[in-house]
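Below is one structure, written out as structure tokens; comments come after it.
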Amino acid sequence: MFAPVARAQTHLVFCYDPYPPYTLGIEGAPTGGLKVELLEALVDRMDGITAEVVLMPWARCQEEARVGDVDGILPLFYSDARAEFLAFSDATFEQTSALWYNSETRPDAAAWAGDYADIADARLGLLNGAVIDAEMEAAFARNQPIQRANSIASMFDMLKFGRIQFAALDAKVGEHHLQTVGLSDVIRAMPVTIAPRTAHFGLSKASGAHVHLDALNAALRDLQTDGSLARIYAGGW
């Protein structure tokens, strides 16, 4: 996986939460994932640097980066609050979300053209704490309360059994889950993706890892130029 620590002058510890297919595994050491693979590719292009990833709950990951107990966070979305304790890299992936529907009960959803007003009479499901698109949430909430779920499995069960008519979730995360549980033939993504957002590595200012930002960005440019970045993101799992 990553190079041995002894080969480098500096060893960086990154964190993230278990979030297939971006990070595969349980708390502790990951077994793979798109964002883990991206970090591996970057480290291969950074002289004097090795790295490892530790999986932990999301709130703890951010707090440990804030106080400097870890050196960075795998690609995440920018916010002003996060920028107070993280130095953000150039863009890595553009992550999109999707609206998912039950093809057996809402076959008409396959023709959706992207206007929330056309479907906002239905009930929407989101994960607890998820923030995807304010316009979408407002459109659905005008008619019915948005339903929140504690897990991806619970949210898709709500969709499968008709408690909600649509579910909003990261496109790759939804695709991975449905393939894993064998529901891809029933629950499908709407044809128009939503809420595109770029993800960036965050380097901890408190740990001093932000001094490696220029080297990380240079490695990112190399990955973009030779097509490796796109291949990693398209590679699946």
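Because only heavy atoms are used, hydrogens play no part in the values below, and waters and symmetry mates are left out as well, while side chains stay in.
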Decide, yes or no, whether a salt bridge links Arg82 with Glu63 under the criterion of side-chain N to carboxylate O below 4.0 Å.
no

Criterion side chain to side chain contact (heavy atoms under 4.5 Å, CB included) on Leu223 and Leu38, from CA distance to verdict:
CA-CA 9 Å; Leu223 290 179; Leu38 173 57; 3.6 Å; yes

Can you check side chain to side chain contact (heavy atoms under 4.5 Å, CB included) on Val211 and Leu213, steps first, answer last?
CA-CA 6 Å; Val211 301; Leu213 185 62; over 6 Å; no

Under 6.0 Å from the CG atom of Asp115, do we count more than 12 heavy atoms belonging to anything else shown?
yes

Nearest 0.5 Å please: distance from the CG atom of Leu229 over to the OH atom of Tyr233.
10.5 Å

Please tell me if the side chains of Pro57 and Asp17 come closer than 4.5 Å, counting only heavy atoms from C-beta onward.
no

Are Arg197 and Phe77 in a cation-pi contact, defined as NZ or CZ under 6.0 Å from the six-membered ring centre and within 45° of the axis?
yes

Side chains of Ser207 and Asp71: is there a donor and an acceptor less than 3.5 Å apart?
yes

Check Leu169 against Met155 and note the closest heavy-atom contact, atom names and distance.
CB-CE, 4.0 Å

Closest non-hydrogen atom pair, Arg148 against Gly129
NH1-N, 3.9 Å

Rounded distance [0.5 Å steps], OG1 in Thr198 versus CZ in Phe88:
10.0 Å

Once you round to the nearest 0.5 Å, how far does CD1 of Ile232 lie from CD of Glu40?
9.0 Å

Quick one, Ile187 and Leu159 - any side-chain contact, counting heavy atoms below 4.5 Å?
yes

Would you check if Cys61 and Ile73 make a side-chain contact, meaning some heavy-atom pair closer than 4.5 Å?
yes

With side chain to side chain contact (heavy atoms under 4.5 Å, CB included) as the criterion, how do Leu124 and Gln147 come out once you've worked through the C-alpha distance, each side chain's angles and the decisive distance to 0.1 Å?
CA-CA 6 Å; Leu124 175 69; Gln147 300 297 298; over 6 Å; no

Within 45° cone and under 6.0 Å: Lys205 NZ/CZ vs Phe85 ring
no

Indicate, with yes or no, if Ile132 and Trp100 share a hydrophobic cluster defined by side-chain heavy-atom contacts under 4.5 Å among Ile, Leu, Val, Met, Phe, Trp and Tyr.
no

Please answer whether the main-chain N or O of Pro75 pairs with a side-chain N or O of Thr92 as donor and acceptor at a distance below 3.5 Å.
no

Taking Ser103 for its side chain and Val186 for its backbone only, find out whether a donor-acceptor pair lies under 3.5 Å.
yes

Examine Met190 and Ile152 and state if one hydrophobic cluster contains both, with Ile, Leu, Val, Met, Phe, Trp and Tyr joined whenever side-chain heavy atoms are less than 4.5 Å apart.
no

Determine the interplanar angle of the Phe156 and His177 rings, folded into 0 to 90°, and report it as parallel if under 30°, tilted if 30 to 60°, perpendicular if over 60°.
parallel

If Ile, Leu, Val, Met, Phe, Trp and Tyr residues are connected whenever their side-chain heavy atoms lie under 4.5 Å apart, and connections chain through other members, are Leu216 and Leu39 in the same group?
yes

Taking atom OG of Ser184 and atom CD of Glu175, what is their separation to the nearest 0.5 Å?
7.0 Å

Would you say Leu178 ends up clustered with Tyr101 if hydrophobic residues are merged whenever their side chains have heavy atoms under 4.5 Å apart, either directly or through other cluster members?
no

Check ion pair Arg142-Asp121 (N to O, under 4.0 angstrom)
no

Which heavy atom in Glu104 sits nearest to a heavy atom in Asn102, and how many Å separate them?
N-OD1, 2.9 Å

I would like to know whether Asp226 and Arg231 meet side chain to side chain contact (heavy atoms under 4.5 Å, CB included); could you show each step before the answer?
CA-CA 10 Å; Asp226 68 15; Arg231 284 194 295 273; 4.3 Å; yes

Any side-chain heavy atom of Leu74 sitting closer than 4.5 Å to one from Thr23?
yes

Ser89 versus His200, side-chain donor and acceptor atoms under 3.5 Å
no

Verify the distance criterion only: is there a donor paired with an acceptor across the side chains of Gln165 and Arg123 at less than 3.5 Å?
no

Between Asp170 and Lys172 (salt bridge meaning N to carboxylate O under 4.0 Å), is one present in this structure?
no

Relative to each other, are the rings of Phe201 and Phe14 parallel, tilted or perpendicular (30° and 60° limits)?
perpendicular

Could you give the distance from CZ (Arg60) to CD (Gln62), rounded to the nearest 0.5 Å?
13.0 Å

To the nearest 0.5 angstrom, please state how far the CD1 atom of Ile119 sits from the CZ atom of Arg106.
7.5 Å

Does the side chain of Asp133 reach to within under 4.5 Å of the side chain of Tyr116, using non-hydrogen atoms?
yes

For Ala130 and Glu137, the nearest pair of non-hydrogen atoms, with its separation, is O-OE2, 4.0 Å

Counting C-beta onward and ignoring hydrogens, is there a side-chain heavy-atom pair between Leu126 and Phe140 closer than 4.5 Å?
no

Please give me the minimum heavy-atom distance between Leu220 and Ala91, naming the atom from each residue.
CD1-O, 4.1 Å

Going only through I, L, V, M, F, W and Y residues with side-chain contacts under 4.5 Å, is there a path from Leu34 to Trp58?
yes

Could you check whether any side-chain heavy atom of Thr193 comes within less than 4.5 Å of a side-chain heavy atom of Leu99, counting everything from C-beta outward?
no

Less than 4.5 Å apart, any side-chain heavy atom of Val36 and any of Glu52?
no

Keeping the roles fixed (side chain from Ser154, backbone from Asn150), state whether a donor-acceptor pair exists under 3.5 Å.
no

Could you tell me which non-hydrogen atom of Ala98 sits nearest to which non-hydrogen atom of Ala189, and how far apart they are?
CB-CB, 4.1 Å

